[in-house]
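This is a predicted model, so every value here is computed, not measured. We count ligands from 1, going down the list as the structure has it; atoms in each ligand are counted the same way.
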Amino acid sequence: MKLIFERSKPGHALTILPPLDVERTALPAALLRESAPMLPELSETELSRHYTELNKQVYGVNDGFYPLGSCTMKYNPRVDEEMAALPGFTGIHPLAPKTATEGCRKVLELAASLLEEISGMDAMTFEPAAGAHGEFTGVLLIKQYHDARGDSARRKIIVPDSAHGTNPATAAMCGYEVINIASGEDGCVDLESLKAALGPDTAGLMLTNPNTVGLFDPNILEITRLVHEAGGLCYYDGANLNAIMGHVRPGDMGFDCVHMNLHKTFATPHGGGGPGAGAVGCKVFLAPYLPKSAMLDEPGHCQVRSFAGNFLVVVRALTYILTLGREGIPQASETAVLNANYLMKGLREIFTPAFDRLCMHEFVLDLSDYKKETGVSALDVAKGLIDFGIHPPTMYFPLIVHEALMLEPTETESRETLDEVAEIFRKVAELGREDPEYLHTAPHKAPIGRPDEVAAARSPILRA
Ligand SMILES: *Cc1c(COP(=O)(O)O)cnc(C)c1O
């Protein structure tokens, strides 16, 4: 398909600016550009067709099943979008006088108190723009805490090998040495490895529970106790709260600090790199180190992002929590866990679960045996699923499972859909036995076949 600049024809431009209704003011010469900007010129029809064509090239939650494990691609209720589109929220300027922003402040306060209750934390910031940014902010709180006590010997952050890649990256960016510990046979933290890693140089532990293979660590209280005993703090990667919200709270599991991806669990569409929010909550003793927003009149400026973060994402999260309420929130996580277990059961005759026991909101399949038998890899199967109209699961993650496919069906899928999906997996598995070549070269029906992912990552062409 053509780029918008390639579609552009001189003279086709749209006049989209409304007539000037204020006095014309000359801008200082220093602020004026030397030549006109290169803007594409298209008529309204051409523009409309361009975006419709673009829309057909992509696949989103509104197209169909999207089991991208760890990413929580669930349906986002329209009412959340409607609230975030209210002119009182979209039209507000961050520098508007206090009297004009009372409603917005109320939204932030109420959302903070509800998320504190859900996470078991005492204080919250909405500044971080995404999960990784939230982790960075949270680990800086831990660092500040140790620094304020003059405890400069704590240079290490412990991260299990099943962690999301952002965890070790965060710890390293905060200047810590990352200590990787191997998971046990059961996919959970191996207590002996943890004990061996702990010491007077431990700043903290970063953990996701349930972890990225979808298992809830039954030793969690012992884990956080051991870290505290060694003088470290516990960071909870709550990017994905879908399995536990309304049932278990990171604060009660012994964690001191947590981030939650409002764009995963709390109903903001994501996946296209759009605005997110990695809300960070902490226990009261860390609260003094939270970012302080000038806009919210918090004394002692130290911000990790401008103003109050991605405010409209918070509006969606608040709407989501209020519409679900005290009964709906735990029901959503129950259904997420039920759906994952139902689908795992439907698929276990087709592919081998990496851990064949009760899972939480997601589970991992191990296609090593299937690959030995057919030569068809997890990548081939994932690409083949595209031709059957569903989005591939997460592939080759977590690293502790080879030929991994990780599925998170989420709570917004019906039983009928899950049955259909199991049927599609069965067809693809059979296809791999009968015609492996078809899967080696799949997808055949998507606008793009197999891009060279390595070249795209190493030498991206970002502008024409
Ligand atoms: C998605 C995710 C992250 C990162 O969140 P971003 O918003 O993509 O930065 C971190 N940890 C886990 C477990 C995740 O699933």
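- In this comparison of His263, Glu408, Lys264, the heavy atom closest to atom 14 (C) of ligand 1 sits on Lys264.
- Looking at ligand 1, you won't find any N or O of His259 less than 3.5 Å from one of its N or O atoms.
- Taking every heavy atom of Ala130 and a limit of under 4.0 angstrom, the matching atoms of ligand 1 come to 7 (O), 9 (O).
- Of all the atoms in ligand 1, the ones that sit under 4.0 Å from a non-hydrogen atom of Glu135 are 10 (C), 11 (N).
- If you take CG on Leu286 and CG on Asp122, they are separated by 9.5 Å, rounding to the nearest 0.5 Å.
- Of the protein's non-hydrogen atoms, Asp237 OD2, 2.6 Å is the one closest to atom 11 (N) of ligand 1.
- Checked by atom type, the side-chain pair Asn240/Thr72 shows a donor-acceptor distance below 3.5 Å.
- Using a 4.5 Å heavy-atom cutoff, the side chains of Phe388 and Lys427 are in contact.
- Looking only at heavy atoms of the protein, atom 4 (C) of ligand 1 is closest to His164 CE1, 3.8 Å.
- For atom 9 (O) of ligand 1, the nearest protein heavy atom (residue, atom name, distance) is Ala132 N, 2.8 Å.
- For the pair Lys143 and Tyr176, the cation-pi criterion (under 6.0 Å, within 45° of the ring axis) is fulfilled.
- Residue Asn240 does not touch ligand 1, judged by heavy-atom distances below 4.0 Å.
- Within a 4.0 Å radius of atom 7 (O) of ligand 1, the protein contributes one or more non-hydrogen atoms.
- A donor-acceptor pair is defined here as one N or O able to donate and one able to accept, closer than 3.5 Å; no such pair exists between the side chain of Arg426 and the backbone of Leu347.
- The protein atom (non-hydrogen) at minimum distance from atom 5 (O) of ligand 1 is Asn261 ND2, 3.0 Å.
- When heavy-atom distances to ligand 1 are checked against a 4.0 Å cut-off, Ala239 comes that close only through its side chain, counted from C-beta outward.
- Taking the ring axis of Tyr145 as reference, the NZ or CZ atom of Arg149 stays within 45° of it and closer than 6.0 Å to the ring centre.
- Between His259 and Tyr235, the ring planes lie parallel to each other; the angle is under 30°, not in the 30° to 60° tilted range.
- Ring geometry for Tyr66 against Tyr59 counts as tilted: the plane angle lies between 30° and 60°, on a 0 to 90° scale.
- The closest approach between any non-hydrogen atom of Gly278 and ligand 1 is not below 4.0 Å.
- Asn242 pairs in a side chain to side chain donor-acceptor pair (under 3.5 Å) with only one of the listed residues (His361, Lys264, Glu411, Glu362), which is Glu411.
- Of the N or O atoms in Thr212, none lie within a sub-3.5 Å distance of an N or O in ligand 1.
- Under the 4.0 angstrom criterion for non-hydrogen atoms, Thr166 is in contact with ligand 1.
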